[in-house]
Every structure is written in structure tokens, then in C-alpha cells.
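Note that ligands are numbered from 1 as they come in the structure, with each ligand's atoms numbered from 1 the same way. What you see is a predicted model, and the numbers here were worked out from it, not measured in a lab.
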Amino acid sequence: MLKPPSDMPMYGNIEKSPLDFSEVDTRLPMLVYMSREKRPGYDHNKKAGAMNALVRASAIMSNGPFILNLDCDHYVYNSKAFREGMCFMMDRGGDRLCYVQFPQRFEGIDPSDRYANHNTVFFDINMRALDGLQGPVYVGTGCLFRRIALYGFDPPRSKDHSPGFCGCCLPRGRKASASNANPEETMALRMGDFDGDSMNLATFPKKFGNSSFLIDSIPVAEFQGRPLADHPSVKNGRPPGALTIPREILDASIVAEAISVVSCWYEEKTEWGTRVGWIYGSVTEDVVTGYRMHNRGWKSVYCVTQRDAFRGTAPINLTDRLHQVLRWATGSVEIFFSRNNALFASSKMKGTTKDCIPQCWHISLHIHLPHCLLLPSSTLPFLRAVHCANTQCHLPDIPTYHHRHALSPGHAGDQVVWNCTGRVVAK
Ligand SMILES: O=c1ccn([C@@H]2O[C@H](COP(=O)(O)OP(=O)(O)O[C@H]3O[C@H](CO)[C@@H](O)[C@H](O)[C@H]3O)[C@@H](O)[C@H]2O)c(=O)[nH]1
Ligand SMILES: [Mn+2]
């Protein structure tokens, strides 16, 4: 852990540097490298488990109301993209946004994109279309989250917002049963509504675990993530100047608490991975995690910046690419046959989204299944042609194009989380 910066600005010293930094605040953001505890007998839940440990540790150490999630094989290509994402979050009504998803863009792919690594149909058609409905799906990286949405709360004013479909299209009985279908699931913690009885703090240790630091940080993150109350139309706003109060400096007891929330037993008998944080048990945990938020009524935004916000690497040899798409196709099938199928969505999910998400899965299966069929027979030229036709890429003129083995499936690596308050937490 780098030494945490003080709250006061620290201006550069002219004598020590040839450049004049006398009016520049030279503090570095706090950087923490975190490695969660893993033990035999405790499922670490792969990426979803890593993300949940990061969310808890960062709640204790900096509690940024917004969190940027980047995979280890991606990097920031446009620092101004953060501001664009935050504009959506801070806009009027932005407090009902759970995340801002940026497109995934890749480097090092051959010009003909023979393995369809750019996923053009998905990132430039499907995701843009979903943006016009309830918002894009979460695709695992390049995503700016509202911390409170990750905690499984309903969006603010959820009672004021009626479902997106016309009530008369549903038989009365069905509508009533949709909203009461699973009281445990739909009766989320209505932090933003502040209607007193719905925020039952007594249930928090069962949901979030026994860390009182963590539980106390939850209302703070909710408050700090609200839009500025600078206009009468801003409901539930944060008064100007509310964020300028000095922060507590990290001491040994806070660091000890952060270590305890990343221990392998912390999640036992809590709702981490089931209703709180990244959801466990799916090979495409990202899609399920985003879907659960949409199902509570949160909206998301697709933010396509002129200069790519982030860039990453993709598997550029056929075997690795096939393993990747096999995983995605497995995830799609798995979701289809689970309670996370949008056909069973709650009444808070927009009707049009309910209709479209299964369509997207259909498209995804259409694209990915041919890849999967190819897996055992990737050398057959005929199947390769089918594969390329399905993924809309050109067949290369020279089949022996040199493949670089940049990545292998499930390559080791870590998640990086930026807590968007100037402090950085990483694993
Ligand atoms: O046991 C694991 C496996 C993976 N990861 C992380 O997961 C991320 C994605 O893994 P990668 O091997 O790069 O998979 P991709 O197929 O490239 O990932 C895409 O698909 C995944 C869902 O299948 C999403 O989670 C990713 O964000 C998305 O970029 C990486 O940053 C890894 O650090 C872990 O932390 N632990
Ligand atoms: Mn990757």
C-alpha cells in the first residue's frame, strides 16, 4: 500500500525540479494492491469472488461512491472518458443509473479480424440498441458502477416508476403476482426512498457480513453518490459542499478491518454472491450481475466515446478464441435455463427489455454456437468457412497467417478497481 495522501493539497517544490510545479497539487492517489485469502475448502469464486473482495476492502478504505471495473488485460486509453461516464451519473435522474458501460475495444488483432474479436455486431449494434431500452448489459470490463447498486438496493423512487409495459396488456392476476412473485427478491433495501421502515438496518449483518465498518459505509456511499442539489427538479440531491468534509486518515485498525473482509470465510452465511455484489455460479457472471440490477429497475447507459475509453487484448489464436466463445455460449444457455431468464423478469424490468434480451441471446447463440461446433475440428477448412461466414469476417487469402500466442484461456491475472474519488484500489 502506498502511503495515503493527506487531505491538504501538496504543491511542488521549485528548487527540486526544473519545471515549475509550485501551483500544481502533486499528491498521488492512494494505491492499494490487494490479494484475498484463498484456502482449500473455500470456493474463491474466481473473478466474481475477487470483485466482491475488492468492493468490501475499498468500502473500508476509501468508500468511493463510484467504482470502475477493468479486466487485467485492458488499460485506460482515454482519461477523459471517466468524466463522460460521471456526467451521466451526476445528471438529473442519474441517481437511477446502476452503471455506465463502455464498449470493449481491442488491439493486436489482424486487419481482417478473422476470428471476429472486435465483436462488431454485439458492441456496435446490440449494445447501442439496448441503450435505447433499459440500458446495455454489463460485459465484465470497462464499466463504471454506482457502489450502492452493487449492494443490491432498489433504485431511488422505485415506487414512482411504473413498469415499462402497458398494464392493460397483462391479465390483472398476472400483474399482481408479478410484483409479489418473490417478496424476498423484490423487497430490496430501498435506501434511496428513505421512507423509514423499508431501510431495516437489523438485516444488514445477514446480508453484508459482520463488519460494522462496512455496514456504516453503506449510507455514506449512497449519500455521496447523489447528484448535486443545484436545481429544484433534482430529487434526493446532495447539498453543495457536502463532499468537502475531511476524510479520516487510514490507521492500522482500518487496514486490519480491510484485511478481515477479504478473508476466505467472510462471506459465509451472507448474501455476497447471491443478492449482493457480483453473482456467483455462472461462467458469465458479468451478464447475470447486470441483469439482476436491471431486474430491480435500475437503468444503465452505453457510453461510446470518440477516442476509445479503454483498450485491451483478445485471444488471437483460434483455439483460445474458441474456448472464449464456448464459455460465452455456455453462459447464455445457462442463463436461459436459470431464474435469470429475462422472460421471468420482475415487473420493474422494462417490457421491451424483457422482449429484447432473449433476442440478444438468440443472436449470441447464433454467432457462438458455430464457434463451439468448430472446437474439436478447427482445422477443417469447410467448417472454418462456415465459422467465418457466421462471424462476418473475411477468410484470409493466406491460411497460414502467423498466430501470436498472446493469451491462453483463463490466463492468470487480476482485476483492477478504481475507486472514483481519486484513490485507487487494485488486486
Ligand atoms: O479465475 C479467474 C479467472 C478470470 N479472472 C479475471 O477475469 C477477467 C476476464 O478473464 P479473461 O480470461 O480475460 O476472459 P475474457 O473472455 O477475455 O473476458 C470476457 O468475458 C468474461 C465473462 O466470461 C468477462 O468477465 C470479462 O470481463 C470479459 O472481458 C480477467 O481480468 C481475469 O483477471 C479472475 O480474476 N479469476
Ligand atoms: Mn480478456
Quick one: do Tyr280 and Asp43 satisfy side-chain hydrogen bond (donor to acceptor under 3.5 Å, both in side chains)? Show the steps, please. CA-CA 10 Å; Tyr280 299 153; Asp43 191 349; over 6 Å; no
Relative to the heavy atoms of Val139, which atoms of ligand 1 are at a distance of less than 4.0 Å? 26 (C), 27 (O), 28 (C)
Measure centre to centre between the rings of Tyr138 and His294, then say whether the value is under 6.0 Å. no
Heavy-atom proximity to atom 27 (O) of ligand 1, best of Asn69, Asp71, Thr313, Val283: Asp71
Using a 4.0 Å heavy-atom threshold (strictly under), name the region of Gln324 that reaches ligand 1: side chain, backbone, both or neither. side chain
Could you tell me if the side chain of Trp328 sits less than 4.5 Å from the side chain of Thr284, heavy atoms only? yes
Report the part of Thr141 in contact with ligand 1, treating N, CA, C, O as backbone and CB onward as side chain, heavy atoms under 4.0 Å; options are side chain, backbone, both, neither. both
Would you say Glu285 touches ligand 1, if touching means a heavy atom closer than 4.0 Å? yes
Note: ligand 1 atoms sitting under 4.0 Å from heavy atoms of Gly140 are 27 (O)
Restricting to N, O or S atoms, which atom of Asp73 is closest to the Mn ion (ligand 2)? OD2
For the 3.5 Å polar cut-off, considering only N or O atoms, please tell me whether Ala50 and ligand 1 meet it. no
Is the charged tip of Arg321 near the ring of Tyr115: under 6.0 Å from the six-membered ring centre and within 45° of its axis? no
So, Phe145 versus Trp298, ring centres under 6.0 angstrom or not? no
Using distance alone, decide if ligand 1 has a nitrogen or oxygen within less than 3.5 Å of any nitrogen or oxygen in Asp73. yes
Residue selection (non-hydrogen contact nearest atom 4 (C) of ligand 1) among Gln104, Arg327, Lys47: Lys47
Indicate yes or no: does Lys47 engage Asp286 in a salt bridge with an N to O separation below 4.0 Å. no
Please tabulate, one pair per line, all N/O donor-acceptor pairs under 3.5 Å involving side-chain atoms of residues 251-264, not counting sequence neighbours.
residue: Asp251; atom: OD1; partner: Ser253; partner atom: N; Å: 3.1
residue: Asp251; atom: OD1; partner: Ser253; partner atom: OG; Å: 2.8
residue: Asp251; atom: OD1; partner: Ile254; partner atom: N; Å: 3.1
residue: Glu257; atom: OE2; partner: Ser211; partner atom: OG; Å: 2.5
residue: Ser260; atom: OG; partner: Glu257; partner atom: O; Å: 3.1
residue: Ser263; atom: OG; partner: Ser260; partner atom: O; Å: 2.8
residue: Ser263; atom: OG; partner: Trp265; partner atom: NE1; Å: 3.4

